[in-house]
Amino acid sequence: SLVTPRLVIDYLHSQLPGAAVGACLSQRAFYRIRRALLPLSARSRAEIGPSTRFAEVLPNDLAMSWGRLRIELGAAKWPRYSPGASTVGELSEFLAHCTPHALLAPDERWSRAQVAAVVHHIIREEVGITDYSEDSRFVEDMGID
């Protein structure tokens with residue numbers, strides 16, 4: 001009976017401790033990443049923004065530093081490092097959508113917008129469909145079966 005993204009989102013939201021408004025998980029991820037980067041880089045807090053490339057702020061051994069950053073953030077799911085392409089903002093979005101539970105406090109509740117962001121990310125990134133609405137039907141409109 002969960003035949004549209006809207007129905008999936010509403011169902012998941014009904015099964016989680018709900019909140020009317022929730023924190024912006026991308027913003028929360030950004031601040032955690034920046035805090036974790038400070039001891040690894042020689043940059044100040046003001047010099048690390050969403051468009052900052054990791055190649056600019058991590059030490060020369062990027063692979064080791066990338067792994068240390070993952071450990072520092074406690075992320076179960078982690079993207080491959082792409083030299084010159086990965087920015088703090090891209091990693092913030094990845095963490096917000098792929099490990100949102102790690103960004104919420106244990107007693108914090110989920111907003112519908114947070115649930116929707118995760119569902120939309122899964123549809124875009126895992127299924128590869130970008131042109132749809134929350135009322136599109138998975139099988140009939142999106143061709144997912």
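Quick caveat: nothing in here was measured; it's all calculated off a predicted structure.
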Heavy-atom pair of closest approach, residues [X] and [Y]:
X: S41; Y: I48; value: OG-CD1, 4.1 Å
X: A75; Y: R70; value: O-NE, 3.0 Å
X: I33; Y: V88; value: CG2-CG1, 3.9 Å
X: S92; Y: A29; value: O-CB, 3.6 Å
X: L38; Y: R43; value: CD2-O, 3.6 Å
X: A96; Y: V118; value: O-CG2, 4.3 Å

Side-chain donor/acceptor pairs under 3.5 Å, residues 135-145, sequence neighbours excluded:
residue: D135; atom: OD1; partner: R6; partner atom: NE; Å: 2.6
residue: D135; atom: OD2; partner: R6; partner atom: NH2; Å: 3.1
residue: S136; atom: OG; partner: S133; partner atom: N; Å: 2.9
residue: S136; atom: OG; partner: S133; partner atom: O; Å: 3.4
residue: S136; atom: OG; partner: S133; partner atom: OG; Å: 3.4
residue: R137; atom: NE; partner: D141; partner atom: OD2; Å: 3.2
residue: R137; atom: NH2; partner: D141; partner atom: OD1; Å: 3.1
residue: D141; atom: OD2; partner: R137; partner atom: N; Å: 2.7

Results of side-chain contact (heavy atoms from CB on, under 4.5 Å) for [X] - residues two or more places apart only:
X: L104; value: L25, R28, E108, W110, Q114
X: E126; value: K77, I122
X: L40; value: L58, R68, L69
X: E72; value: A36

Check: What residue pairs, at least two apart or across chains, pass salt bridge (Lys or Arg N to Asp or Glu O under 4.0 Å) with a residue in residues 8-19?
Finding: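 Salt bridge (Lys or Arg N to Asp or Glu O under 4.0 Å) check on residues 8-19 returns D10-R112.
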Item checked: Pairing residues for W66 by the ring pair (Phe, Tyr, Trp, His ring centres under 6.0 Å) criterion, not counting sequence neighbours ->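 For W66, the residues satisfying ring pair (Phe, Tyr, Trp, His ring centres under 6.0 Å) (neighbours in sequence not counted) are F54, W78, Y81.
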Check: When rounded to the nearest 0.5 angstrom, what distance separates CZ in F94 from OG in S86?
Finding: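 OG of S86 is found 10.5 Å from CZ of F94.
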Notebook entry, point to check: What distance separates R35 CZ from Y31 OH, expressed to the nearest 0.5 Å?
Noted result: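 Taking CZ in R35 and OH in Y31, the distance rounds to 10.5 Å.
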Do the non-hydrogen side-chain atoms of [X] and [Y] ever get within less than 4.5 Å of each other?
X: P79; Y: L91; value: yes
X: R124; Y: I129; value: no
X: R32; Y: L103; value: yes

Heavy-atom donor-acceptor pair, [X] side chain to [Y] backbone, under 3.5 Å:
X: T99; Y: A102; answer: no
X: S14; Y: Y11; answer: yes
X: H13; Y: I9; answer: no

Checklist line | Qualifying residues under salt bridge (charged side-chain N to carboxylate O under 4.0 Å, His left out), relative to R34, sequence neighbours excluded | finding: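 If we apply the salt bridge (charged side-chain N to carboxylate O under 4.0 Å, His left out) test to R34, skipping adjacent residues, there are no hits.
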Taking side-chain hydrogen bond (donor to acceptor under 3.5 Å, both in side chains) as the definition, give me every residue that meets it alongside [X], ordered by chain and number, with sequence neighbours left out.
X: S44; answer: E47
X: H120; answer: Y132, E134
X: T52; answer: none

Check: Can you get from M64 to L73 by hopping between Ile, Leu, Val, Met, Phe, Trp and Tyr side chains that sit under 4.5 Å apart?
Finding: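 No, because M64 and L73 fall into different hydrophobic clusters, even though each may have its own neighbours under 4.5 Å.
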